[in-house]
Amino acid sequence: MSHPIELSLEQQFNIRSFETQVEKMDREQAQDFLVKLYRQMVMREATYKELLKHHWGIDGGNWQ
């Protein structure tokens, strides 16, 4: 990609709102939140891979 992805105003607002929420967390809450967030990211990636495999008709084997 030659151009960076630009975020919409809504996305920028959501990021700022997220920052505010995280700033209010103590260390334990933030660590727990990060683990849950990472789990969601991994699940999303796995879901995208499965959707692409299905869409492209790729069956069997380990596709990564």
Side-chain angles (χ1 to χ4, degrees):
M1 275 197 260
S2 59
H3 301 286
I5 296 173
E6 300 216 7
L7 300 176
S8 68
L9 287 176
E10 180 181 6
Q11 290 168 322
Q12 292 175 38
F13 174 81
N14 287 335
I15 289 171
R16 184 62 191 126
S17 174
F18 180 81
E19 287 174 358
T20 302
Q21 290 175 15
V22 171
E23 287 170 356
K24 295 177 182 178
M25 293 180 186
D26 63 29
R27 181 181 176 93
E28 185 177 333
Q29 289 173 319
Q31 288 175 334
D32 183 55
F33 181 76
L34 280 172
V35 170
K36 289 177 181 175
L37 182 61
Y38 185 73
R39 183 177 290 118
Q40 287 179 352
M41 290 169 49
V42 170
M43 292 296 293
R44 180 181 294 173
E45 181 181 2
T47 301
Y48 288 158
K49 285 181 179 181
E50 286 301 314
L51 289 171
L52 287 173
K53 283 170 47 176
H54 178 73
H55 180 74
W56 292 339
I58 300 171
D59 296 321
N62 288 337
W63 178 71
Q64 295 186 21

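The number of heavy-atom neighbours closer than 6.0 Å to CD of Glu28, taken from other residues, nucleotides and ligands shown, is 12 or below. In Leu51, the CG atom is crowded: over 12 heavy atoms of neighbouring residues, nucleotides or ligands sit closer than 6.0 Å. Residue Glu19 places its CD atom among more than 12 non-hydrogen atoms of other residues, nucleotides or ligands, all under 6.0 Å distant.
Looking at heavy atoms from C-beta onward, Tyr38 lies in side-chain contact with Val42 at the 4.5 angstrom threshold.
Judged purely by atom type and a 3.5 angstrom limit, Ser17 has no side-chain atom pairing as donor or acceptor with the backbone of Phe13.
One distance of note links NZ of Lys53 with NE2 of His55; it measures 15.0 Å at 0.5 Å rounding. Distance check: Gln11 CD to Ile15 CD1 gives 7.0 Å after rounding to the nearest 0.5 Å. Note: Leu37 CG to Asp32 CG = 11.0 Å, rounded to the nearest 0.5 Å. Taking NZ of Lys49 as the reference point, atom CD1 of Ile58 lies at 11.5 Å (rounded to 0.5 Å). Atoms CZ and CD, on Arg27 and Gln29 in that order, are 13.0 Å from each other to the nearest 0.5 Å.
Linking Ile, Leu, Val, Met, Phe, Trp and Tyr residues whenever their side-chain heavy atoms come within less than 4.5 Å leaves Val35 and Val22 in two separate clusters.
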